[in-house]
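Each remark here refers to the structure printed beneath this line.
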Amino acid sequence: MSITRADVAHALSFRNISALYIFAILFIVFSLWIPEKFLQPGVWRSLLDAEALTGIAALAALIPLTAGALNLAIGAQVGFCAILSAFLLGKIQMPIALQLPAVIVVGGLIGLVTALVITRLKVEPIIATLGMSSILLAGMAWISNSQQILGLDPAYREIAAAQFAGITVPVWVLLAVAIVSWYVLERTPAGRRLYAVGFNPESARLAGIGVERLQLGSLVAGGALAALAGALLTSRLNAGDPTVGPSFLLPALTAVFLGSTQFKGGRFNVLGTIVAMYVLAVGIKGLQLAGSPRWVNDLFYGLSLLLAVALSQWDKTSRRSSAIGRVVDGLKRKPKTPAS
Amino acid sequence: MSEPLLRVAGLVKAFPGLTALDRVDLDVHSGEIVAIVGHNGSGKSTLMKILAGVYTADAGSVQTAPGTELHFIHQDLALVDQLSAAENLALRRGEGATALAPYRSREVQDRARELVSRFGPPFDVTCPLHRLTPAQRAVVAISRAMDGWTHSRNVLFLDEPTESLHRTEVEVLFEAVRRLAAEGAGIVFVSHRLDEVRSLAHRIVGLRDGRKVADRPVAEMDEGHLIEIVTGVEKMDAAERTPRTHGEIALRVRGLSGASVESLDLEVRAGEIVGIAGTLGSGREAVPSLLYGATDAAASAFTIDGSDYPRRSPAQSLRRGMTFAPADRGRLAVVRDMTARENFTLPHLARTTAAFAPVPGGERAETAVAFAACDVRPARTEQRISLFSGGNQQKIVMAKSMHHRPTVLLLDEPTQGVDVGAKAAIYTAIERGAAGGTAVLVASSDAKELAGLCDRVIVMRDGVVGAELSADDLTERRLVAEAYGLP
């Protein structure tokens with residue numbers, strides 16, 4: 001198949017890569033506004049590192065979402081696993097080599113429980129994860145007594161702080177997780193089936209796909225990834241902080257939703273998610289450097305989320321269906337049209 | 001005769017590639033019950049939808065007598081099942097400023113009792129609707145449609161109202177309808193149950209392919225006329241079929257029960273095309289899905305190619321070489337947001353590739369070859385499937401279902417909503433599949449299609465086999481007569 005002019009025009013169109021255009025605008029605006037702060041290499045390196053955990057959390061939310069399960073517990077999952085990690089290290093003195101796998105296994109189990117609530121008890125994913133979120137927050141408070149867990153093994157700090165080729169470990173981890181997720185979602189039958197389940201579970205079932213098994217697998221994988229982000233968070237802070245984890249929810253979901261409007265015409269995808277996540281982070285960073293108060297973060301993510309969903313609805317009215325549209329539609333009760 | 005309550009003149013409605021209504025006239029007088037009959041796609045639904053304001057007509061006029069309103073009761077009745085009859089009847093009252101006024105249960109219940117008692121024996125109007133009988137629900141729907149009539153010179157449309165009703169309950173509904181007509185209302189009744197039409201209507205209007213082909217008092221219509229209206233066939237003539245050679249029994253089922261089907265026995269041989277006919281609700285539409293394992297079913301014996309297949313599921317059926325192309329294309333047969341290629345390979349990927357191994361590079365080429373064989377246009381494997389026409393989507397579904405030569409191919413309404421050209425391509429594909437040794441089972445509401453395509457047709461009636469037609473008995477006319485239970 002040859003590449004036509006129309007293909008190139010589409011590839012470069014605002015609708016296809018709006019995040020990159022937004023990035024360009026943000027870059028120009030902040031470069032002109034606060035060049036002395038914004039154009040520092042240190043700023044960019046710290047941004048890359050700081051947001052890597054958000055990226056892992058976003059991918060943890062993305063994988064079940066491709067199979068149709070919107071995970072509102074992603075922030076609580078990261079937070080719970082971060083506290084658990086600090087607890088195992090600080091209170092039980094578990095060796096690092098044991099602690100890390102243990103936290104990831106627990107993360108996977110949290111995903112498994114969520115999946116069983118969804119597939120066996122037939123609770124809508126949005127409600128199931130909302131409930132799980134509250135339960136995990138309670139668990140966090142219980143384990144940590146709602147206080148920071150301090151006095152961790154200083155060696156643990158090295159994991160998140162170590163660098164290879166000038167890049168910190170969390171960024172490498174994000175890169176590895178992104179490549180594996182991209183490979184599975186885009187290049188394997190498993191990924192194809194996950195998308196089919198998310199798009200049309202009934203049709204997928206008739207195509208011989210084990211819908212519930214796939215949803216279960218995606219939630220377990222997402223839970224394990226959230227745990228990885230949580231463990232790295234504790235390593236970075238060198239403490240267990242019960243207030244940090246839940247704040248991952250909005251940036252992660254915003255990145256996934258905005259990402260679905262990029263590159264793939266309405267399909268949740270890995271590259272779109274990572275690009276959207278960093279573009280949003282650049283916006284936040286610029287505003288912070290320009291001296292705006294902290295609440296601007298929430299405002300920015302909230303507006304971006306609404307914009308991302310609105311963008312996809314606009315896509316839909318122009319006869320392109322979208323992943324977000326389906327999630328939104330799923331929340332509305334569809335009126336039955338009488339058969340004729 | 002007095003002026004009609006409703007006068008429809010020269011109504012035209014075209015959809016891309018299809019003229020749904022072609023200059024249709026219809027008069028409905030006060031006190032008259034008019035039945036509209038016709039096969040699927042004859043234009044019945046389009047006519048109703050234009051009158052209800054769902055579609056706009058391309059040409060023609062709709063006039064009503066001064067003060068006459070049109071009311072509609074759709075097949076699913078549009079009631080809220082969790083609420084009681086009284087609450088359903090009160091739903092539309094209290095709009096605007098009175099919406100926040102206190103709800104007077106006693107008053108509402110008294111009014112509901114009064115309304116429903118006009119149509120037969122009273123029942124508990126405070127009981128949630130899902131605990132009432134289908135006939136009582138229908139009475140609630142009629143009562144609601146009539147609530148607030150200031151006079152009786154209105155027109156009530158009933159779309160397949162007896163669909164969910166047991167035969168014995170139909171009379172309750174009919175009594176209500178007759179009473180309404182006696183009070184001066186005009187009734188328009190759409191049904192495919194020809195025996196009911198004859199017992200209820202005063203006048204019968206026949207539609208075929210969007211044109212009005214009959215408009216006569218019921219007394220002038222015998223069963224032969226009715227069948228002629230529906231099929232458009234006057235004489236019994238066997239369709240020309242080329243005899244096929246059949247192999248071993250590929251699918252053998254004993255005592256299949258589930259959904260609306262009761263204890264069905266079935267055998268299909270390799271290379272044979274067997275049809276399932278019957279009206280909607282006869283069990284016809286449930287058979288393929290029951291066989292495939294998409295709907296729960298019990299069977300005393302079930303074998304594919306001679307080996308037992310006790311616990312059925314779509315995944316298992318595919319593994320054993322039984323594929324299924326369901327009727328509801330948009331909802332069941334395709335994943336609208338995926339490309340044509342992704343749809344085509346979806347059921348086959350698992351067989352050829354491990355879950356986490358890379359999808360083979362030959363996927364595009366393989367898809368392109370299969371699309372060429374089924375004449376898919378445009379042959380763009382990377383285009384989203386929802387951007388193809390209905391006919392080409394169906395060709396892709398056929399290509400998908402027939403890939404790797406299945407042992408058994410189950411089809412439900414294989415040509416529903418497709419144009420003539422695509423129909424021909426689909427028939428060719430089915431015949432080629434049979435010639436290649438696949439056992440084909442086709443459920444269809446299109447008698448002409450079954451008569452032309454099948455070696456043998458099983459006619460379902462009320463969940464059981466009503467007749468089996470083959471050879472010279474297998475004609476469109478016989479199929480319709482057997483499906484409707486007419487001698």
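For clarity, every value in this text was computed on a predicted model and none was experimentally measured. Quick note on labels: first sequence line is chain A, next is B, and so on, each numbered from 1.
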Notebook entry, point to check: Looking at Ala354(B), Ser289(B), Pro360(B), Pro314(B), which one has more heavy-atom pairs under 4.5 Å with chain A than the rest?
Noted result: Pro314(B)
Notebook entry, point to check: Which bit of Val190(B) comes within less than 4.5 Å of chain A, counting heavy atoms only: side chain, backbone, both or neither?
Noted result: neither
Next item on the list: Name the region of Arg192(A), side chain, backbone, both or neither, that has any atom closer than 4.5 Å to a heavy atom of chain B.
Entry: both
Checklist line | Atom CZ of Arg380(B) with >12 non-hydrogen neighbours under 6.0 angstrom | finding: no
Notebook entry, point to check: Do you know which of Thr353(B), Val334(B), Thr345(B) has the most heavy-atom pairs under 4.5 Å to chain A?
Noted result: Val334(B)
Next item on the list: Could you tell me whether Asp296(B) atom CG has more than 12 heavy atoms of other residues or ligands within 6.0 Å of it?
Entry: no
Next item on the list: Give the minimum heavy-atom separation between Leu346(B) and Ala196(A), together with the two atoms involved.
Entry: CD2-CB, 3.7 Å
Checklist line | Side chain / backbone / both / neither for Ala333(B) at chain A, heavy atoms under 4.5 Å | finding: backbone
Note to self: Between Tyr195(A) and Val335(B), is there a side-chain heavy-atom distance shorter than 4.5 Å?
What the structure shows: no
Notebook entry, point to check: Hey, what do you get for CG (Leu206(A)) to CG (Leu318(B)), rounding to the nearest 0.5 Å?
Noted result: 9.0 Å
Next item on the list: For chain A, find which of Ala357(B), Ala315(B), Ser401(B) contributes the most heavy-atom pairs closer than 4.5 angstrom.
Entry: Ala357(B)
Check: Which answer fits Leu332(B), side chain, backbone, both or neither, if we ask what part of it has an atom under 4.5 Å from a heavy atom of chain A?
Finding: both
Item checked: Rounded distance [0.5 Å steps], CD in Glu202(A) versus CZ in Arg331(B) -> 6.5 Å
Next item on the list: Taking all non-hydrogen atoms of both residues into account, name the closest pair between Pro189(A) and Ala355(B) and its distance.
Entry: CD-O, 3.3 Å
Notebook entry, point to check: With a 4.5 angstrom heavy-atom cut-off, which part of Pro326(B) approaches chain A: side chain, backbone, both or neither?
Noted result: side chain
Item checked: Arg267(A) to Glu342(B) - nearest heavy-atom pair and separation -> NH2-OE1, 2.8 Å
Check: What pair of heavy atoms forms the shortest contact from Tyr183(A) to Phe356(B), and how long is it?
Finding: OH-O, 2.9 Å
Checklist line | Per-residue contact mode, Ser313(B) against chain A (heavy atom under 4.5 angstrom) | finding: neither
Check: In terms of heavy-atom pairs under 4.5 Å, which option from Gly191(A), Ala204(A), Gly210(A), Ala207(A) contacts chain B the most?
Finding: Ala207(A)
